[in-house]
2 protein chains.
Amino acid sequence: MSSNPEKPSRGRPKTLKKAAVIDAAMQAYWQEGPTNVSLNEVCARAGVSKPSVYREFGNDDGLAAAVLEVYAETVLGQMLGIVQSDEDLGTKLSKIVSLAAADPLHDHGCLFVKMRAARDQLGPKTQAVIGQIDGMALVAFTKLFAQARTEGGWTSSLPADLAAAYTHAQIGLALDYRARGEDPRAILDLALSVLQPAKV
Amino acid sequence: MSSNPEKPSRGRPKTLKKAAVIDAAMQAYWQEGPTNVSLNEVCARAGVSKPSVYREFGNDDGLAAAVLEVYAETVLGQMLGIVQSDEDLGTKLSKIVSLAAADPLHDHGCLFVKMRAARDQLGPKTQAVIGQIDGMALVAFTKLFAQARTEGGWTSSLPADLAAAYTHAQIGLALDYRARGEDPRAILDLALSVLQPAKV
DNA sequence: ACATTTTAGTACCGAATGGTATTTTATTGT
DNA sequence: ACAATAAAATACCATTCGGTACTAAAATGT
């Protein structure tokens with residue numbers, strides 16, 4: 001779908017690599033904060049001209065949305081992979097906590113969390129992607145708790161959707177702390193302790 | 001200290017009211033988000049000229065810092081008042097939760113939380129004020145829990161400073177939800193339930 | 001009256017931003 | 001060769017931003 005097997009066969013061959021631009025933008029947004037990186041800056045870092053970026057992504061909103069989509073597929077995909085794995089609830093939560101609160105991958109925080117915090121400075125396309133990711137995460141967490149309950153791995157009386165929204169919120173909070181260079185571990189552990197029905 | 005009893009007695013009398021400018025800026029920052037309001041916009045809303053604002057506050061950073069200080073004295077002062085009141089821990093926490101999660105005062109969220117979330121787009125003075133407020137809040141919450149413990153009103157085994165940091169974080173999270181128009185009550189109640197040693 | 005002082009406002013500046021018109025370059029079809 | 005096509009970069013545009021000379025106004029002191 002995305003890689004056209006049809007050879008356009010006419011005109012100057014395209015040299016701009018979409019993935020490279022997205023990657024450069026992603027690194028910049030992630031480290032500097034999405035609102036602190038201009039489109040000019042992205043062009044300079046990627047070594048491409050501004051019209052090329054506009055031709056490929058439409059506008060800055062399109063670029064940010066594309067970046068966020070790739071980020072979701074790659075980085076957030078790791079979270080989803082853990083949630084949908086075959087382990088028990090406690091192991092899954094523990095792995096997610098480690099990934100969010102301690103993994104060097106999130107040394108600069110989470111790009112998604114940063115973008116969500118700066119939603120009101122981003123364009124409609126990017127906001128839509130943010131909403132989709134939030135929704136997917138909520139669905140995934142809800143399934144996680146609902147399934148754990150039916151399989152007897154979760155005996156809490158909490159509604160699954162509340163546990164999901166709660167977990168989602170606490171993970172986001174922890175990633176926000178990491179972006180500030182603070183260790184969120186103690187707070188996150190304390191927060192999630194409420195999900196376990198009793199001490200193991 | 002601030003209102004000079006000394007009559008300058010020389011020069012054109014000053015008509016610009018600092019408080020009015022701060023108030024206009026505060027409303028604008030609070031509703032639109034601090035990074036979405038330019039200094040020009042504040043001048044227009046307050047009906048004053050730009051050089052007047054610069055003469056009074058130095059630069060945009062000075063204005064934002066002044067606004068945040070007033071916000072801390074007024075709005076955040078309510079929080080502090082509850083924390084330092086004479087009621088028991090449960091009542092204090094309940095009142096704080098209501099103020100943060102349900103009071104119409106925070107229908108647009110909390111200006112401090114918004115500014116803290118956008119720290120990296122604000123100037124050094126404002127960042128310093130943010131840090132001071134964070135520190136004061138942490139101290140106040142720590143005293144709250146330490147005092148409740150010595151008075152027998154809190155039997156949890158948690159360290160007081162962890163409980164303080166945790167409460168501070170959860171209140172901030174709730175205020176963030178309110179800024180998005182979502183009801184944080186269920187999540188906040190769940191989060192703070194971990195502070196009570198047992199069901200009452 | 002007139003100089004002095006202090007404040008207010010107009011009009012401007014340089015830099016940066018998002019976005020685009022225009023031209024150059026590289027390729028294919030005839 | 002040469003027209004046609006598509007993608008590249010240069011150079012530009014309008015707007016907005018924070019910030020500031022500069023000038024006008026309103027008061028007091030002599």
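So you know, we letter chains A, B, ... as the sequences are listed, proteins then strands, and number each from 1.
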On the six-membered ring of A:Phe57, is A:Lys18 placed so that its NZ or CZ lies under 6.0 angstrom from the centre and within 45° of the ring axis? yes
Measuring only between side-chain heavy atoms, which start at C-beta, is A:Trp154 closer than 4.5 Å to A:Gln147? no
May I have the distance from A:Arg55 (atom CZ) to C:dT23 (atom P), rounded to whole angstrom? 17 Å
Do the side-chain N or O atoms of B:Ser49 get closer than 4.0 angstrom to the phosphate oxygens (OP1, OP2) of C:dA8? no
SB check B:Asp88 B:Lys92 (cutoff 4.0 Å): no
Looking only at C:dG18, D:dA8, C:dT27, the nucleotide nearest the A:Ser38 side chain is C:dG18
To the nearest Å, how far apart are A:Lys18 NZ and D:dA8 P? 12 Å
Nearest-nucleotide pick for A:Arg12, side chain only, options being D:dC17, C:dA26, D:dA11: C:dA26
Between B:Leu39 and A:Val48, who's closer to the 5' end of DNA chain D by nearest nucleotide? A:Val48
How close or far is atom P of D:dC17 from atom CG of B:Leu63, stated in whole angstroms? 14 Å
When the ring planes of B:His168 and B:Phe141 are compared, do they come out parallel, tilted or perpendicular, using 30° and 60° as the limits? tilted
Rounded to whole Å, CG of A:Leu16 lies from C1' of D:dA6 at a distance of 14 Å
Check step by step if side chain to side chain contact (heavy atoms under 4.5 Å, CB included) holds for B:Phe145 and B:Leu89. CA-CA 8 Å; B:Phe145 286 107; B:Leu89 178 65; 4.1 Å; yes
Side chain of B:Tyr54: nearest nucleotide among C:dT7, D:dA8, D:dG19? D:dG19
Specify the separation, in whole Å, of atom CG of B:Asn40 and atom P of D:dC17. 6 Å
Tell me what A:Pro51 touches on the nucleic acid: a base, only sugar-phosphate, or nothing, going by heavy atoms under 4.0 Å. base
Round to a whole Å and report the spacing from NZ of B:Lys50 to C1' of D:dC22. 15 Å
Does C:dT7 have its OP1 or OP2 closer than 4.0 Å to a side-chain nitrogen or oxygen of B:Thr15? no
Rounded to the Å, how far apart are B:Lys14 NZ and D:dA25 C1'? 16 Å
What is the distance, to the nearest angstrom, from the CZ atom on A:Arg10 to the P atom on D:dA6? 8 Å
